[in-house]
Engineer: 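Quick one: structure below, then a few questions.
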Amino acid sequence: MPDLVQAKSIRCGMPLAVTMLTMGDLGGSDCVFCAILRGEAEASVPYADDRVMVIMDIGAVTPGHLLVIPRVHAVGLEDLDEETSAHVWTIGHRMGRALRRSGLRCEGVNVFLADGKAAFQEVFHFHLHVFPRFEGDSFRIDANWGTRARSLLDQESKAVRSGLAELGFPATDTDINRDVPS
């Protein structure tokens with residue numbers, strides 16, 4: 001397990017020795033997250049390790065809104081290796097549990113990824129939002145939550161399996177629910 005560095009609201013929050021570990025490509029000077037990782041921009045850092053930094057979101061949905069940022073610059077899912085992505089999600093899980101114990105108002109937790117402009121990504125450096133939820137907070141996702149026909153779900157499932165095949169992942173047993181009565 002990597003050595004952990006914990007910090008309060010300080011510039012970047014990381015000693016130089018830790019900051020220089022496994023940074024990889026930190027992108028251009030216009031990436032605000034890369035600037036934070038390089039120690040060139042301020043951040044409030046509750047957690048960091050050799051692969052990620054967690055910062056408080058300056059545009060918080062609710063108090064305690066966290067961003068889990070990989071130290072390597074990756075615009076989105078397509079650019080991030082699976083090992084780093086898995087670590088980001090593991091730390092996101094840990095941060096969600098920490099929020100529930102933090103003393104901040106937290107009746108629930110959202111873990112949210114915006115991957116691409118159509119998904120409302122605003123900073124094009126992969127990051128995972130983890131934020132506390134409570135009755136009456138202002139966060140909303142407005143969508144049509146209607147039930148989809150099984151035939152459409154089956155077609156979409158086939159399309160996703162095709163995408164997995166393109167990534168080199170073998171098909172799995174897809175007949176698991178075929179014997180369930182309708």
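These numbers come from a predicted model, not from an experiment.
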Engineer: Minimum heavy-atom separation for Pro132 and Pro63, please, with both atom names.
Structural biologist: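 For Pro132 and Pro63, the tightest heavy-atom pair comes out as CG-O, 3.0 Å.
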
Engineer: Hydrophobic cluster membership, with links at side-chain heavy-atom distances under 4.5 Å among I/L/V/M/F/W/Y: are Val111 and Val52 in one?
Structural biologist: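 Cluster IDs for Val111 and Val52 match.
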
Engineer: Apply the side-chain contact (heavy atoms from CB on, under 4.5 Å) test between Val68 and each candidate in Thr90, Ile55, Val88, Leu113; give the one that qualifies.
Structural biologist: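 Among the candidates, only Val88 passes.
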
Engineer: So do His93 and Arg97 actually touch side chain to side chain, heavy atoms under 4.5 Å?
Structural biologist: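 In contact.
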
Engineer: Grab the two heavy atoms, one from Ile36 and one from Ala43, that are nearest each other, plus how far apart they are.
Structural biologist: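 So the two residues come closest at CG2-CB, 3.6 Å.
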
Engineer: Okay, side chain of Ser102, backbone of Leu99: is any donor-acceptor separation there less than 3.5 Å?
Structural biologist: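 Checked: pair present.
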
Engineer: List the atom of Gly64, the atom of Leu104, and the distance in Å for their closest heavy-atom pair.
Structural biologist: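 Of all heavy-atom pairs spanning Gly64 and Leu104, the closest is CA-CD1, 3.6 Å.
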
Engineer: With rounding to the nearest 0.5 angstrom, report the OG1 to CG distance, Thr84 to Asp79.
Structural biologist: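 Result: 12.0 Å between the selected atoms.
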
Engineer: Same cluster or not: are Val54 and Met56 linked, directly or through other Ile, Leu, Val, Met, Phe, Trp or Tyr residues, by side-chain heavy atoms under 4.5 angstrom apart?
Structural biologist: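 Val54 and Met56: one cluster.
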
Engineer: Work out which heavy atom in Ala48 is nearest to a heavy atom in Arg71; give both atom names and the distance.
Structural biologist: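 Heavy atoms of Ala48 and Arg71 come nearest at CB-NH2, 3.7 Å.
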
Engineer: Do you know which two heavy atoms are closest between Phe124 and His73, and how far apart they sit?
Structural biologist: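 Shortest heavy-atom separation between Phe124 and His73 comes out as O-CE1, 3.5 Å.
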
Engineer: Please find the pair of heavy atoms, one from Leu66 and one from Pro46, that lie closest to each other, and give the distance.
Structural biologist: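 Looks like CD2-CG, 3.8 Å.
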
Engineer: Any non-hydrogen side-chain atom of Leu67 less than 4.5 Å from a side-chain atom of Val123?
Structural biologist: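 Side chain of Leu67 against side chain of Val123, heavy atoms only: no contact under 4.5 Å found.
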
Engineer: Scan the side chains in residues 162-171 for donor-acceptor partners under 3.5 Å anywhere in the protein, sequence neighbours excluded, and list what turns up.
Structural biologist:
none

Engineer: Say you draw a straight line from NE2 of His127 to CZ of Phe33; how long is it, rounded to the nearest 0.5 Å?
Structural biologist: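 The NE2 atom of His127 sits 4.5 Å away from the CZ atom of Phe33.
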
Engineer: Please report the interatomic distance CD(Glu82) to NE2(His87), rounded to the nearest 0.5 Å.
Structural biologist: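 Between Glu82 CD and His87 NE2, I get 15.5 Å after rounding to 0.5 Å.
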
Engineer: Does Asp137 offer a backbone N or O that forms a donor-acceptor pair with the side chain of Arg140 under 3.5 Å?
Structural biologist: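 Looks like yes, one N/O pair under 3.5 Å.
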
Engineer: For Leu77, I'd like to know if atom CG has over 12 heavy atoms of other residues, nucleotides or ligands within 6.0 Å.
Structural biologist: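 Yes, CG of Leu77 has more than 12 neighbouring heavy atoms, counting only those of other groups under 6.0 Å.
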
Engineer: Quick one: does Arg105's side chain have a donor or acceptor within less than 3.5 Å of a partner on Thr62's backbone?
Structural biologist: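 Between the backbone of Thr62 and the side chain of Arg105 there is no qualifying donor-acceptor contact (under 3.5 Å).
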
Engineer: Ignoring hydrogens and angles, tell me if any N or O in the side chain of His125 forms a donor-acceptor pair with the backbone of Pro70 under 3.5 Å.
Structural biologist: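 A pair under 3.5 Å: yes.
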
Engineer: Under 4.5 Å between side-chain heavy atoms, hopping through other hydrophobics if needed: is there a path connecting Val32 to Val61?
Structural biologist: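 Result: no, two separate clusters.
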
Engineer: Answer with yes or no whether the hydrophobic clustering places Met95 together with Trp89; edges join I, L, V, M, F, W, Y residues whose side-chain heavy atoms lie under 4.5 Å apart.
Structural biologist: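 Yes, one cluster joins them.
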
Engineer: Is there a donor-acceptor contact under 3.5 Å from the side chain of Gln121 to the main chain of Val75?
Structural biologist: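 Checking the backbone N and O of Val75 against the side chain of Gln121, a donor-acceptor pair under 3.5 Å is found.
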
Engineer: Under a single-linkage definition using a 4.5 Å side-chain heavy-atom cutoff for Ile, Leu, Val, Met, Phe, Trp and Tyr, are Ile91 and Leu80 assigned to the same hydrophobic cluster?
Structural biologist: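 The answer is yes; both residues are in one hydrophobic cluster.
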
